[in-house]
Asks: 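First the structure, then my questions, so here it is.
A, B, ... follow the sequence lines: proteins, then strands. Residue 1 opens every chain.
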There are 2 protein chains.
Amino acid sequence: MIYVNLRQLRFLVAIHEERSFTAAARRVNATQSGLSMQIKELEERLGLRLFDRSSTGVTPTTAGDRLYERATRILREVSAIENDVQTLSGQVSGRVQVGMMPTFARAVLAPVLERFARHYPNVEIKVTEAYSAVLCEAVTNGQLDMAVVPSGKMVPGLKAEHLATDVEVFVTSPNTKRKHLEPVDLSKCKPLKLALPGPGNARREKIDTYLETYQVPIDSIMELDTMMATLDLVSRSDWTTILPGCLCLPDIDDPRRKLHPVINPPLVVDYVFIEPASQSKTQAAELFAEEIVKEIRTTCTFCNSKLGAGDSVSG
Amino acid sequence: MIYVNLRQLRFLVAIHEERSFTAAARRVNATQSGLSMQIKELEERLGLRLFDRSSTGVTPTTAGDRLYERATRILREVSAIENDVQTLSGQVSGRVQVGMMPTFARAVLAPVLERFARHYPNVEIKVTEAYSAVLCEAVTNGQLDMAVVPSGKMVPGLKAEHLATDVEVFVTSPNTKRKHLEPVDLSKCKPLKLALPGPGNARREKIDTYLETYQVPIDSIMELDTMMATLDLVSRSDWTTILPGCLCLPDIDDPRRKLHPVINPPLVVDYVFIEPASQSKTQAAELFAEEIVKEIRTTCTFCNSKLGAGDSVSG
DNA sequence: TAAGGATATCAGTAATAATGATAACATTCA
DNA sequence: TGAATGTTATCATTATTACTGATATCCTTA
């Protein structure tokens, strides 16, 4: 009566996301051979093909796509059962592993951590700061429960929720003519010396597109994947950078730098919350997520009011 | 990472509904011993007790109840996977097994069967006419895909949906002074000789309550679990009966009987649609269900307009 | 106190899944 | 063209897991 089992669904999901039996086997700590046999079994039971095989990997059939959708839902519910256990056991405890893009390390994370640790002393918290690609990967293979990243191309196996839209801010040293917080039209600047995150970074791609589209004159570009160094560089030279509003908020009045919301048109960054598609959050994770989401939303609202270039940003 | 498996959930559901390992084992074609071990395993993995055992059976703990809810949902989704297969395979086919209370055998069932068979020639249909207890049982243990029964005490393991409310009609032979279709207040009648379905029948219980509550004078009661015989008896004697409006509709103008909506207060019967809680309908079943539901609703509406005793019925 | 019915346990057996090596095939690149 | 690499499928073996049937134990009831 019941053909499919959860192991098969877990395999199916992994294969669907990895587009490969071999890679999927690695991910679920099994052998390629085992997956092959299980999927074969499933296909025979159901009487239809789930994947088209080739020597370069596999592509899901229509049926495979359909089953993938159902399987992720089912697995999420099953994992919810396991999370229930802790909920039922009374106090909130466990371990929450969160990934954060560097933007939030200062303005957002600290207050949340403080509040959360005070409310739920029995929850172990682990926060990893990294760029989006790394975080997506880590969430996908279960090393992290969730992460907040700038929106970019969607990775399979993840469930994403839009959090907020933030302004990007043009940052320069104090030795310029512009007034602090005065909006800037980058395409009308003289050629820029820009320190930007390396290619592959989700924000970088969006910034590149912007620079090209609006023909912003560039003198030269330096790749810096470190916020601290970037800020330091900018404050002591004629190099400039573009940073998310939330990141600039804590030292909005720091005399070492001038901030200029980018306008005509506004350059923005979208933050998204990601979690595994086929797993449900533990209660602790759920509570932490709530806190962090709330904090990011209010911070972004505040950010827009302080740094935003009028109404055009919020849309 | 994944502790529970579908077999365990299936066992859990059966045990929860049967309140017994032994009975559940029978239902799922397994041994008591096997269930015992699987549930033990599950409990140990989750670290909490799901059932309190006694020598008379088991009662679910809070956790057991919680898991039961989740498990039924999960199993329903899993069974949906299997139903998808047929949907994906193109044409609608398969086998639909439906239970019907006798009320609908005539007025409702025939047109639905005709329409459905014409639209979906590849679907095998099997209809069973029986009383609610039998039908509930059959749906629970999977012999039927669904059934329509009068509402009564809920059986665990079933998902129910209210379909419509129908008037009960007092039926007599032509040899009375009342006008055909004239409403009747049973408590003002002279003592009745009533042919009613046997105890255990869901409608019977409701009728009994009504008769007691409103002190309807009774001469004597005969138990007849056969509609045909009942109608025949009533038309050729001074025995009377109470029947659902839908049942009377086909021969509303038959001179062999007089029909009288029961008022002060109206006596009604609720029809509910039942299906297994932890299984999803096949596409064929889904389509058949739609048809039958539609037909019953329109028939009841029509019934109320023809036989209904004013507004008080519809609430 | 005995009988009946419930669950738990245990050891043996049956069924199922994973493994590791290999085969077959396609792609890439020299 | 041919070797190297990387893919999935298959197979026999091993390991794991689940089921069975008998029995033990406990509780309720007569």
Side-chain angles (χ1 to χ4, degrees), chain A residues 1-61 63-65 67-68 71 75 78 156, chain B residues 1-61 63-65 67-68 71 75 78 156:
Chain A
M1 180 152 254
I2 289 196
Y3 292 144
V4 312
N5 63 48
L6 292 180
R7 194 185 305 107
Q8 289 168 338
L9 294 186
R10 210 155 65 99
F11 287 175
L12 175 122
V13 165
I15 295 166
H16 192 280
E17 288 170 2
E18 300 283 351
R19 294 281 193 273
S20 153
F21 280 60
T22 310
R26 259 196 305 275
R27 193 167 107 189
V28 300
N29 292 317
T31 58
Q32 174 268 327
S33 152
L35 298 223
S36 176
M37 287 168 108
Q38 285 296 324
I39 296 301
K40 181 190 172 188
E41 163 98 6
L42 183 56
E43 288 178 326
E44 280 174 2
R45 286 275 171 84
L46 296 176
L48 38 76
R49 220 156 180 62
L50 298 172
F51 297 99
D52 286 326
R53 280 81 157 170
S54 84
S55 60
T56 64
V58 296
T59 55
T61 62
D65 287 332
L67 241 64
Y68 172 77
L75 292 175
V78 170
Chain B
M1 181 151 256
I2 289 196
Y3 293 143
V4 313
N5 62 50
L6 292 181
R7 193 184 307 105
Q8 289 168 338
L9 294 186
R10 211 155 65 98
F11 287 175
L12 175 120
V13 165
I15 294 166
H16 191 281
E17 288 170 1
E18 300 283 350
R19 294 282 192 274
S20 153
F21 280 59
T22 311
R26 259 196 303 275
R27 192 168 109 188
V28 301
N29 292 316
T31 58
Q32 174 268 327
S33 153
L35 298 223
S36 175
M37 288 168 102
Q38 285 296 323
I39 295 301
K40 181 189 175 190
E41 162 97 8
L42 183 55
E43 288 178 326
E44 281 174 1
R45 287 274 171 84
L46 295 177
L48 38 77
R49 218 153 184 63
L50 298 172
F51 297 99
D52 287 326
R53 279 81 156 170
S54 84
S55 60
T56 64
V58 296
T59 56
T61 62
D65 286 333
L67 240 65
Y68 171 77
L75 293 176
V78 170

Asks: Just do the side chain to side chain donor-acceptor pair (under 3.5 Å) check on A/E17 and A/Y68 with the steps written out, would you?
Replies: CA-CA 9 Å; A/E17 288 170 2; A/Y68 172 77; 2.6 Å; yes
Asks: Looking at every heavy atom in both B/P60 and B/F51, which two are closest together, and how far apart are they?
Replies: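 Residues B/P60 and B/F51, closest heavy atoms: CA-CD2, 3.6 Å.
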Asks: Should B/R7 be listed as having a side-chain N or O under 4.0 Å from OP1 or OP2 of D/dC19?
Replies: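 True: B/R7 side-chain N/O within range (under 4.0 Å) of D/dC19 OP1/OP2.
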Asks: How long is the line joining CD of B/Q38 and P of D/dT20, in whole Å?
Replies: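 For the pair B/Q38 CD and D/dT20 P, the rounded distance is 11 Å.
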Asks: In terms of side-chain heavy atoms of A/M37, which of D/dT8, D/dT10, D/dT7 is nearest?
Replies: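 For the A/M37 side chain, the nearest candidate turns out to be D/dT10.
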Asks: Nearest whole angstrom, please: distance from the C1' of D/dT28 to the CZ of B/R53.
Replies: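 Nearest whole value for this atom pair: 19 Å.
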Asks: Mind checking B/T56 for me? I need base, sugar-phosphate or nothing, with any heavy atom below 4.0 Å counting as a touch.
Replies: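 Sugar-phosphate contact only.
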Asks: Where do B/R49 and B/T61 come nearest, in terms of heavy atoms and distance?
Replies: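 Taking every non-hydrogen atom into account, O-OG1, 2.8 Å.
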Asks: Whole-Å distance between D/dC19 C1' and B/E41 CD?
Replies: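 In whole Å, D/dC19 C1' and B/E41 CD are 13 Å from each other.
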Asks: Under 4.0 Å, counting only non-hydrogen atoms across every strand here, what does B/Q32 touch: a base, just sugar-phosphate, or nothing?
Replies: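 Base contact.
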Asks: How many whole angstroms separate atom OH of B/Y3 from atom C1' of D/dT17?
Replies: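 Rounded to the whole Å, the gap is 18 Å.
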Asks: Could you grab the distance from atom CG of A/L67 to atom CD of A/Q8, nearest 0.5 Å is fine?
Replies: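 Here the rounded value is 10.0 Å.
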Asks: Can you tell me how far apart CD1 (A/I39) and CD (A/E41) are? Round to the nearest 0.5 Å.
Replies: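 Reported to 0.5 Å precision, the distance equals 10.0 Å.
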Asks: Closest to the A/S36 side chain: D/dC19, D/dT10, D/dT20?
Replies: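 Of all the options, the side chain of A/S36 is nearest to D/dT10.
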Asks: Tell me, please, the opening and closing nucleotides of DNA chain C, 5' to 3', among those with an atom under 4.0 angstrom from a non-hydrogen atom of chain A.
Replies: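 Contacts span C/dA17 to C/dT27, reading 5' to 3'.
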Asks: Rounded to whole angstroms, how far apart are CD1 on A/I39 and C1' on D/dT7?
Replies: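 These atoms are roughly 16 Å apart.
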Asks: I want to check one thing: is the phosphate of D/dT8, taken as OP1 and OP2, less than 4.0 Å away from some side-chain N or O of A/S33?
Replies: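 No, no such contact exists.
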Asks: Heavy atoms only, 4.0 Å cut-off, all strands: where does B/G57 land among base, sugar-phosphate and nothing?
Replies: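 Result for B/G57 = sugar-phosphate.
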Asks: Output the rounded distance in Å from CZ (A/F11) to P (D/dT8).
Replies: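 Nearest whole value for this atom pair: 14 Å.
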Asks: Can you see which heavy atom on B/V13 is nearest to which on B/L75, and at what distance?
Replies: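 So the two residues come closest at CG2-CD1, 3.8 Å.
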Asks: For the residue pair A/H16 and A/G64, what are the closest heavy atoms and their distance?
Replies: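 It is CD2-O, 3.8 Å.
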Asks: How many whole angstroms separate atom CZ of B/F21 from atom C1' of D/dA24?
Replies: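 In whole Å, D/dA24 C1' and B/F21 CZ are 17 Å from each other.
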Asks: By nearest heavy atom, map A/S54 and A/Q8 onto DNA chain C; which one lands nearer the 5' end?
Replies: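 Comparing both residues, the 5'-ward one is A/Q8.
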Asks: Any side-chain N or O of B/N5 under 4.0 Å from OP1/OP2 of D/dT17?
Replies: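 No.
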Asks: Separation of A/L35 atom CG from D/dT10 atom P, in whole Å?
Replies: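 That distance rounds to 15 Å.
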